[in-house]
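Here is the structure we will look at, set down as structure tokens.
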2 protein chains.
Amino acid sequence: MSLKFGILGILASAGPQSGYDIKTYFEEGPSYVWQADLPQIYRTLDQLEQAKYVVVEADPTNARNRKVYTITEEGQKALQEWLQEDFECSPIREANLLRVFFGTLTPPGILKQQVAAQRNQFTEILQQYHAVKTLIAQHAEQYPKDAFFWTLTLQAGLKLTQAWLEWCDETIQQLDDLETRE
Amino acid sequence: MSLKFGILGILASAGPQSGYDIKTYFEEGPSYVWQADLPQIYRTLDQLEQAKYVVVEADPTNARNRKVYTITEEGQKALQEWLQEDFECSPIREANLLRVFFGTLTPPGILKQQVAAQRNQFTEILQQYHAVKTLIAQHAEQYPKDAFFWTLTLQAGLKLTQAWLEWCDETIQQLDDLETRE
DNA sequence: TAATTATATATGCCAACACATCTATGTACT
DNA sequence: AGTACATAGATGTGTTGGCATATATAATTA
């Protein structure tokens with residue numbers, strides 16, 4: 001649902017470009033906030049075209065059938081409406097937590113290993129986020145306003161990952177306590 | 001994907017029951033970790049039956065076509081495999097953060113209102129979690145082992161919501177700073 | 001007694017998404 | 001010259017999920 005507006009947002013803030021460009025932009029920009037795969041981007045661009053939110057133009061300088069998409073005024077309007085919608089908290093939907101929920105069914109010891117492994121993953125993610133920090137700082141020289149908001153989203157990622165790390169630590173601790181009690 | 005195992009988990013830990021019972025169990029139990037709507041539960045039960053992970057039996061004492069599902073040994077085996085799978089961190093996919101990412105496009109002031117409203121939602125969720133805490137404590141008298149793991153999942157919810165609250169506060173602060181700078 | 005709610009199952013439909021696959025061209029490396 | 005990779009677009013397919021809706025019975029409430 002939001003991919004539609006993610007694409008419109010990119011076209012609005014970074015100017016006309018191709019589906020492939022959008023994919024690249026996604027990877028470098030909002031990937032830690034929203035992911036999109038290439039076929040999905042192409043199909044969504046088709047939808048946006050049908051809705052007249054974008055217009056297409058073949059790129060004559062390009063030999064690879066490159067098509068350049070531009071946001072229309074209707075597109076701008078739809079984007080604005082979406083941007084100003086109320087924020088809804090999305091419920092948690094974590095397969096791992098579902099596994100923890102059924103912890104009584106899992107053989108003793110397994111769960112601790114799983115959480116410990118996940119803890120390592122979160123540490124890596126945290127490092128990646130810190131790398132993104134540097135990228136944003138570079139971008140800030142030219143576009144300080146963008147960088148401000150990108151940093152806000154990155155801080156959300158950092159906070160959530162940090163929270164997960166703490167949960168892992170405390171959970172491992174409590175699983176240890178359980179073991180020694182028995 | 002995980003609904004399949006959520007249902008198997010419920011059948012394994014709470015015994016044979018109907019699709020409707022499972023829906024009720026979901027609402028009272030893992031709803032803050034995984035959600036399921038009734039049609040989806042019925043369809044998934046059909047799949048589980050075809051996979052021979054559950055067997056069905058009509059309830060003769062019930063006038064409403066009630067069907068009781070029981071997990072099979074294959075089902076137990078599949079559930080165990082799923083339970084012991086490695087934990088994978090699922091990437092963040094938050095429409096709200098995507099909106100923040102395009103903050104330069106949003107009219108000044110709007111974003112602060114959106115985040116403030118979301119902050120209120122998170123406060124309510126936090127209160128709901130504390131209410132669940134009491135429910136689990138009651139359950140703990142009969143099933144202390146269950147309660148232990150349920151509390152672990154609840155703590156994840158609390159931690160994440162707390163992290164979101166902090167992010168909201170800091171973001172509002174930074175948006176205020178931006179306003180005064182201009 | 002009538003209306004509503006809870007119990008109980010089922011189907012239809014559509015959007016979103018993931019994954020695989022296909023085509024074709026330009027560029028860089030070996 | 002050949003291989004691999006990056007650029008560029010498109011289709012097929014299957015799963016999950018959400019929402020509406022239909023059916024029927026039992027229990028509760030007005």
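These numbers were taken from a predicted model, which means no experiment stands behind them. All chains are named by letter (A, B, ...) in the order of the sequence lines, taking the proteins before the strands, and each is independently numbered beginning at 1.
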Legend entry - Below 4.0 Å: OP1/OP2 of D:dA10 and any side-chain N or O of A:Y42: no

Legend entry - Under-4.0 Å side-chain N/O to phosphate OP1/OP2 contact, B:S18 with C:dT9: yes

Legend entry - Backbone N/O of A:Q173 and side chain of A:D176: donor-acceptor pair under 3.5 Å: no

Inset, instruction - Rounded to the nearest angstrom, tell me the gap between atom CG in A:N62 and atom P in D:dA6. - result: 17 Å

Legend entry - Face-on cation placement of B:K23 at B:Y20 ring, 6.0 Å and 45° thresholds: yes

Under 3.5 Å, which donor-acceptor pairs link side chains of residues 84-96 of chain A to any protein atom two or more places apart or in another chain?
from	atom 1	to	atom 2	distance (Å)
A:Q84	NE2	A:Q80	OE1	2.8
A:E85	OE1	B:R99	NH2	2.8
A:S90	OG	B:E94	OE2	2.7
A:R93	NH1	B:Q35	OE1	3.1
A:R93	NH2	B:Q35	O	3.1
A:E94	OE2	B:S90	OG	2.8
A:N96	OD1	A:R99	NH1	3.1
A:N96	ND2	B:E88	O	3.0

Inset, instruction - Establish, with yes or no, whether the OP1 or OP2 oxygen of C:dA10 is under 4.0 angstrom from a side-chain nitrogen or oxygen of B:K67. - result: yes

Legend entry - Distance-minimising heavy-atom pair for A:G6 and B:L98: CA-CD2, 4.0 Å

Inset, instruction - Take the protein atom CG of B:D37 and the nucleotide atom C1' of C:dA8, then report the distance between them rounded to whole Å. - result: 15 Å

Legend entry - Residues that B:N62 engages under side chain to side chain contact (heavy atoms under 4.5 Å, CB included), provided they are two or more places apart: B:D59, B:R64, B:R66

Inset, instruction - Could you tell me whether B:D59 contacts a base, only the sugar-phosphate backbone, or nothing, with contacts defined as non-hydrogen atoms closer than 4.0 Å? - result: nothing

Inset, instruction - Would you kindly give the NZ-to-P distance between B:K23 and C:dT9, to the nearest whole Å? - result: 11 Å

Legend entry - Terminal axes of the helix from C:dT1-D:dA30 to C:dT30-D:dA1 (five pairs each): angle between them, nearest 10 degrees: 30°

Legend entry - Salt-bridge present (B:K159, A:E166; N to O < 4.0 Å): yes

Legend entry - Euclidean distance, atom CD1 of residue A:I22 to atom C1' of D:dT7 [Å, nearest integer]: 15 Å

Legend entry - Backbone of B:Y53 reached by a side-chain donor or acceptor of B:T72 within 3.5 Å: yes

Inset, instruction - Scan residues 88-119 of chain B for pairs that pass ring-ring contact (aromatic ring centres under 6.0 Å, His included), counting only residues two or more places apart or in two chains. - result: A:W150-B:F101

Inset, instruction - Check each residue of residues 78-98 of chain A for a non-hydrogen atom within less than 4.0 Å of any atom in DNA chain C, then write out the ones that pass by number, or none. - result: none

Legend entry - Candidate nucleotides C:dC17, D:dA6, C:dA8, ranked by approach to the side chain of A:L3 - the nearest: C:dC17

Legend entry - Rounded interatomic separation in angstrom, taking CZ from A:F26 and P from D:dA8: 17 Å

Legend entry - Length of the line joining A:I41:CD1 and C:dC19:C1', which is rounded to integer Å: 15 Å

Legend entry - Candidate nucleotides C:dA16, C:dA8, D:dT16, ranked by approach to the side chain of A:Q40 - the nearest: C:dA16

Legend entry - Protein-nucleotide distance (A:L38, atom CG; D:dT7, atom P), rounded to Å: 11 Å

Legend entry - Atom pair distance, as rounded to whole Å: CD in B:Q50 and C1' in D:dT15: 14 Å

Inset, instruction - Decide yes or no on side-chain contact (heavy atoms from CB on, under 4.5 Å) for B:V54 and B:T70, but give the supporting numbers first. - result: CA-CA 5 Å; B:V54 298; B:T70 309; over 6 Å; no

Inset, instruction - Under 4.0 Å between any heavy atoms, over every strand shown, what does B:N65 touch: base, sugar-phosphate, or nothing? Just pick one. - result: sugar-phosphate

Inset, instruction - Check whether more than 12 heavy atoms from other residues, nucleotides or ligands sit under 6.0 Å from atom CG of A:N65, and answer yes or no. - result: no

Legend entry - Main-chain N/O of B:L152 paired with A:W167 side-chain donor or acceptor, under 3.5 Å: yes

Between the protein and nucleotides 20-25 of chain C, list the N/O to N/O atom pairs that are separated by less than 3.5 angstrom.
from	atom 1	to	atom 2	distance (Å)
C:dT25	O2	A:R64	NE	2.6

Inset, instruction - Report yes or no: does B:Q114 contribute a side-chain atom to a donor-acceptor pair with the main-chain N or O of A:L83 at less than 3.5 Å? - result: yes

Inset, instruction - Give the nucleotide from the list C:dA16, C:dA8, C:dC17 with an atom nearest to the side chain of B:Y20. - result: C:dA8

